[in-house]
Structure formats: C-alpha cells, structure tokens
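Below, all heavy atoms of this structure are taken into account, side chains as well, without hydrogens, waters or symmetry copies. Counting begins at 1 with the first residue of the sequence. If you're wondering where the values come from, they're calculated on a predicted model, not measured in any experiment.
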Amino acid sequence: MKKHLILTTLFLTSFILKAQSGFNSEDLTVTRQDLSTNYFAKDSTANAVVLYEYGNSYIDKDNYKLYTEIKKKIKILNKKGFEQATITELEYHSNKGNEVVKDITGTTYNLDGGRVTKTKLEKESIFEEEYDDNYTLVKFTFPNIKEGSVITYSYTIISPFLFKYKGWDFQDEIPKLYSEYNTSIPGNWEYSIKLVGYQNLYDKWETIRNNCLSGPNGSYANCSESQYIMKDIPAFIPEDYMTNKYNYLSRIEYELKTFRGFDGRVKHYTKTWDDVDKELRTDESFGRQLRKSSVSKELIPTEISEEPNLLKRAESIYHFIQENYTWNGEFHLMKDVAVKDLVKKGTGNSGEINILLHNVLEQNGIDVKPIILSTRANGFPTKIFPVLTDFNYIIVQASIDGNTYYLDATDKYMPFGELPYRCLNDEGRLLDFKEGSSWVSIEPKSSSNIIYHVKLKADNGKITGTVNTAARGYHSLPRKKSYYGNPTAYETKLLDQNENIEISNFEMKSENQYSNDLIEKFDVEVQLNEVADRLYFDPFLFKFFSKNPFKLQERTYPIDFGYKDSFMYSMEIDLGEDYSLIDLPESKNYSLPENSGRVIFTSTNNNNVVTLLLKIDFLKAKYEPGYYPYLKEFMNLVTNFQTKSLISLKRT
C-alpha cells in the first residue's frame, strides 16, 4: 500500500510539473501539448527551448573507441528560433585517426489544422564541409520549420581520441528544461573531471560496473559509471562587463591524467608545474628566447643604460621598446616567437615584444620574471593542473626597490606599471625557473576614474563657464590614443559632439602620451530652454552613463569590470541677479551590499549659487552574480540622476 502511494504521488507530481510547463521534458516523445504550447513562461524572451537532451558516452568493448550518443528535442517558439533548426557538429581528424558522426536521424513535428504531421530529415539535407586542416563540419537543416514546430534528432560520434573524453554542455544560448549526461569510463583511463559554471546539478549518481572491458590473456577493467542531470537551465545571454562566455557556461570537461594498459604499462599525461617549468625553460620559442641576450645587446642608448636610478632606468627602457617596436596585433606564446626577427623588422607579435622587454631589462640590472596568462577573450586557464594551451600571452614582472610592476610594451600609450585591459583576467602564472612558478593576481592596484569640475554663471539667457576634466587609468587610454594620434581631429570631435554646448579655448594639460591621466580644460556656453515663464537647464553637460547596461531578468555569471572604477561630476552655477531657483533635483545616496560600491548625489542652493555633486564608486573589480539586482538598481539611479535632473529657474 505504501509503495502504491509513493508511485501515485510521483505520478501526480510529474503530471503537475508537466501541466505547469506545458511541455514533456521526460523523453523524446512529442506530445500534442508540446506542439500547441507556444509560450515559455519561465523566459518570455526565449525564441526556442530545449525540452529534452540526452547524452551517453562509453568505450566500445570491441574497438576501444569512444562512442557518444546524442538525442535532443527542441521547441521552436517563433521565427527568431528558426536558426535552432540547423545543427552542426565537428569531426576531428589527424594522422592518428578520424572522428566520425554517423546514424543521423531527425523529424520535424507540426500541428496543422489540429492534426500532427511529421516530416523526416532526408539524407540529402546532411552536408559535410571542410572547416580547417583538422576539422570537418557536419551540418543538417530540418525541413518544414514553422513557428510552433518541434524537432527531434539523434546521432552518434565515434572517436579514437581518448585523451579527451567527450565533454557535455548543459547550458546554451537557449533555455533547457532537462539535460542528462551519462558516462562509462574504464579504469584504464583516469581523467580529471571539471564542472564549470554557476548552475547546480539537479542530480548525480555514480556506480562501478565490473568487467565492462576485456583485454588480452583474460585481463579486464571495471567501469566508473556516472549520470549528471540539470533541470530548468536558463539561457546564457551575454551582457556588458564579462570575460569569455566559456568561463561561465555550465558544462563538464575531461582531461586525461593517466593511462594504464592491460600489459602493465602506465603513461602519465597530466604534468606538474615542476614538469612544465622545466619544459618552458628549454622550449625553443620561449625559454631559449628569454636567454637570447646577444640579440638585444647594445640595443639601448648609453644614457638610458647608465641611468643611476633603477626605476628611471626601467621606465626609460620600457618607453624605448614602446617607441621603437610595433605590435602587429598577433598573440603568440609557445610558437612563432623570434626576438631576432622583431629587432630586425621593428614589428612583431606580443610574445616577441615582451620577451625583448624582459631581456633588455634583465641585461640592464633590473630584477625581472616572465608571467604567462590567458587574455580576457581567451578564457580562464585551468588551475587544478597545468594546461599550457590555455595560455596565450606573456607579460613582465619587474621588482625595483621593494615594489612590483607589471609591464606590457605592446601598447604605445600604456603607462609604466599598467597592463592593457585584455590582460585583466584574474591571475597569471609567474615563472621562476629557480624557485618554481606560482599564481599571482594581476588586478590593477589603483582605480580608474573620470572627473569633471564645471563652474558656470547664468547671464542674459545663457550660461557660460569653464570645464576642467581628468581621465585617469583605463579611462585615459582611448582619449590619449585619440588625442595624440590626431590632436586636430580630437578637438573637432569634442567641439561637434555636443549639439547644445558650444566649446572653445581647448587646452591639453597632460605632459605626454605616457602620463597616467589626460587633463583638459575648455570654456563652454549653453543656451537656456524657456517654457512659459520657466527656464530649464540640464546640469549634466557630460554624462557617464546615458542608459543602464544591465537589462537581464537574472544574470548567472559575474559582473567583471576588470578594475575598480569611480566617476565624479561637480557643478557650480552662479544664478546672479537675473535668475532665481524654482526647483532642484532631490539629493539621494545608495550603497551596494557590504559597502562594495556607492552613489552619492547632492544638490544645494546657497545665496543663489547652486552646487551639484554626483559621485559613483565601484569598489570591486568583479562582482559575483548575487550582486546583480543591486547593481541593476544602482545603475538605474545613476542614469536617472544624469538624464532626469533638470534645474528650473525664473527671471527675477
């Protein structure tokens, strides 16, 4: 009786869940409700949704190849979802073997006049095309796709490459109701298993199946069998202030650690950092390049090499490399790095420029070490074990008088001790070939900021005054590149970009392109807008944010600015004797949780002199997803302050 009650309860629960979603997410079976339900309540912005997804990977007992069976059911909600009806898969090829995608089947289901129709995927709709030297693209597009269609398909991937067990992506650009992945791994192969992303598993189980794989002379292996399930997986939607999306997509990855043959041989694939340090030290395109002192000998002028102050000497060397060698835009680290070619041609890739910087600094008495890293667009490097292919960049650490400086000479406008934004990707690996390598944080030590000081006077229907502005850190870089690249065009753009403001008497106050800030001064004239007997004035002549960059209902990955950030806008306007104040925007403050950020907005009137202050501080370089609703509200306030803060006046 108790068992019957449990089964009845489970059935009712399943029925209720199905009724709530309107979709069958238990298997590939397409129900009438799958076809008739054309709205996904959990995400009204979705164009399509994966109703059911199944994967099963195992080693075939006869040929020892890796088989992966894939089955999927997708609901097409609208025309924008039609692109989900084209499926692509890559086959990898090398001189050691070929992957094969086979047994492709698929069906399009529609509800036509109340009748369920099926259209089979024909073999003529399956294509193969060369993707690159190592990959072939297998592609098929479903027929008879309409709004409301449901497609189902399955295929099998056969791979001889067991060094990389098939991974599984639980999360994608469309939401998923159910995703299941099953694995069977014989004890001969030991993998490091990494669960990536911010979505939690709904269920997971593991067991051992004995004698799953046979070898010669009666040998055998047991298999570790696992099942991973996720449900109600939100779509991954990219938004501003993020690094590579593959840092956050929820998935399982495998990396072969050790292979044990039936004959007793053992081969270790995963290396330690000690192993990698030795490999890097002797690598032709890396370690040996770091020791090529003859190439850069006598490259630096005597007045630089004989500078007695170490810091000034290092700065001069850094600027010399910046000025005389041009980055070609290519990233190279472990191959195609030749410092000799860079010195000869004057242009080269990032590895060549920064290895040359390292070598010249070292030859001139500066304590330096290389740091390898992965750029923001390249993704996070694996930390649980060394994977050299995760790294694509090198920078230089210089230690001078007890202080540490991180250097990259690829950008001609980057100040000494600062790194290009692309490098701000959490941590890098500091290579010390004597003491051993280690992880180091590469977050900037100081915040970047933009400051406007505006002093105005109202007189005769117009407002005139002076603006002093400073952009520091990462905010100064685009301005420096624009100004020092073409000062005339920079001034012209400044004069023309604000229709309601006349700008004159522009002055550049910064010393040179290497300065950490860009300081400007200019005069402004603004016309007052008169409606009936009132005059209106927008105090924010220059805006930091005109719209909220955060628009998602929910963000499941961090908000990564890369650096701490602050903005300040102060304005003072003397209304004189011709005008009096009617209304001022209300002062208001707001803080992020744990005092990790704040916005301060104040407005006052003292003896007909109106002052206004807006200060915005992001006190962390990266915020975890839990901060998102607070940051969203934070930015709503910030944009409202700047776009809806009119000052109203009247003539006296």
Side-chain angles (χ1 to χ4, degrees), residues 449-472 475-476 478-480 482-510 517-547 567-585 587 601-616 638-652:
N449 56 58
I450 298 178
I451 299 172
Y452 283 94
H453 290 296
V454 182
K455 190 169 184 178
L456 305 170
K457 182 173 177 58
D459 184 39
N460 249 356
K462 61 184 180 182
I463 294 174
T464 58
T466 302
V467 176
N468 287 277
T469 178
R472 295 191 174 95
H475 290 299
S476 71
R479 297 189 182 196
K480 285 196 297 182
S482 179
Y483 177 77
Y484 289 105
N486 190 331
T488 302
Y490 181 87
E491 289 187 42
T492 301
K493 183 179 179 181
L494 179 65
L495 297 175
D496 295 343
Q497 68 182 353
N498 296 290
E499 295 181 0
N500 300 320
I501 306 172
E502 289 187 21
I503 295 175
S504 58
N505 300 323
F506 174 84
E507 295 181 61
M508 175 60 65
K509 297 289 189 178
S510 291
D517 51 21
L518 193 79
I519 302 172
E520 305 163 275
K521 180 182 178 181
F522 48 86
D523 294 334
V524 293
E525 180 179 318
V526 186
Q527 297 295 324
L528 285 169
N529 295 318
E530 188 166 2
V531 180
D533 60 343
R534 292 193 175 195
L535 296 99
Y536 294 93
F537 169 60
D538 181 357
F540 286 98
L541 306 183
F542 307 93
K543 294 174 174 58
F544 304 126
F545 301 95
S546 57
K547 59 183 180 179
F567 305 82
M568 190 175 80
Y569 185 95
S570 69
M571 186 218 65
E572 176 187 299
I573 177 169
D574 184 351
L575 301 179
E577 298 179 356
D578 294 339
Y579 302 95
S580 61
L581 180 69
I582 297 175
D583 193 25
L584 263 182
S587 299
F601 180 71
T602 62
S603 58
T604 61
N605 178 25
N606 187 16
N607 296 324
N608 226 26
V609 176
V610 174
T611 58
L612 179 147
L613 173 69
L614 175 64
K615 195 168 190 312
I616 308 162
V638 167
T639 53
N640 285 340
F641 288 149
Q642 294 173 98
T643 59
K644 299 179 180 179
S645 296
L646 288 178
I647 295 174
S648 59
L649 312 172
K650 66 179 180 179
R651 298 182 189 275
T652 55

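- We find the CG-CG distance between Asn605 and Leu584 to be 6.0 Å, quoted to the nearest 0.5 Å.
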Tabulate below the donor-acceptor pairs under 3.5 Å that side-chain atoms of residues 642-650 make, not counting sequence neighbours, or state none.
| unit_1 | atom_1 | unit_2 | atom_2 | d |
| --- | --- | --- | --- | --- |
| Gln642 | OE1 | Phe544 | N | 2.6 |
| Gln642 | OE1 | Phe545 | N | 3.4 |
| Gln642 | NE2 | Phe545 | O | 3.1 |
| Gln642 | NE2 | Val638 | O | 3.1 |
| Thr643 | OG1 | Thr639 | O | 2.6 |
| Ser645 | OG | Phe641 | O | 2.4 |
| Ser648 | OG | Asp583 | N | 3.2 |

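- In this structure, the separation between CG on Asn505 and CD1 on Ile503 is 11.0 Å, given to the nearest 0.5 Å.
- Within the model, atoms CG of Leu535 and CD1 of Ile582 stand 8.0 Å from one another, a figure rounded to the nearest 0.5 Å.
- To the nearest 0.5 angstrom, Met571 atom CE is 10.5 Å from Leu613 atom CG.
- At least one side-chain heavy atom of Leu575 sits less than 4.5 Å from a side-chain heavy atom of Val610.
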Chi angles and distances behind the side-chain contact (heavy atoms from CB on, under 4.5 Å) call for Leu614, Phe567: CA-CA 8 Å; Leu614 175 64; Phe567 305 82; over 6 Å; no
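- Distance CG/Asn608 to OG1/Thr652: 8.0 Å, rounded to 0.5 Å.
- In terms of the ring-ring contact (aromatic ring centres under 6.0 Å, His included) criterion, Tyr484 has no residue partners (sequence neighbours excluded).
- Residues satisfying the side-chain contact (heavy atoms from CB on, under 4.5 Å) criterion with Glu507, sequence neighbours excluded, are Lys509, Lys521.
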Residues 485-492, side-chain donor-acceptor partners within the protein, below 3.5 Å, at least two apart:
| unit_1 | atom_1 | unit_2 | atom_2 | d |
| --- | --- | --- | --- | --- |
| Asn486 | OD1 | Thr488 | N | 3.4 |
| Asn486 | OD1 | Ala489 | N | 3.0 |
| Tyr490 | OH | Glu520 | OE1 | 3.4 |
| Tyr490 | OH | Glu520 | OE2 | 2.7 |
| Thr492 | OG1 | Thr488 | O | 2.9 |

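- The distance from atom CD1 of Ile616 to atom CE of Met568, rounded to the nearest 0.5 Å, is 11.5 Å.
- Within the 4.5 Å cutoff, the side chain of Asp533 has no heavy atoms near those of the Arg651 side chain.
- A search for ring-ring contact (aromatic ring centres under 6.0 Å, His included) contacts involving Phe540 returns Tyr569, not counting sequence neighbours.
- Between Asp517 and Ser510, some side-chain heavy-atom pair lies under the 4.5 Å cut-off.
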Audit row: Leu518, Met508, side-chain contact (heavy atoms from CB on, under 4.5 Å) steps and yes/no: CA-CA 8 Å; Leu518 193 79; Met508 175 60 65; 3.6 Å; yes
Please list, one pair per line, the donor and acceptor atoms closer than 3.5 Å that link side chains of residues 451-467 to other protein atoms, with sequence neighbours excluded.
| unit_1 | atom_1 | unit_2 | atom_2 | d |
| --- | --- | --- | --- | --- |
| Tyr452 | OH | Arg479 | NH2 | 3.3 |
| His453 | ND1 | Ser570 | OG | 2.7 |
| Thr466 | OG1 | Asp523 | OD1 | 3.3 |

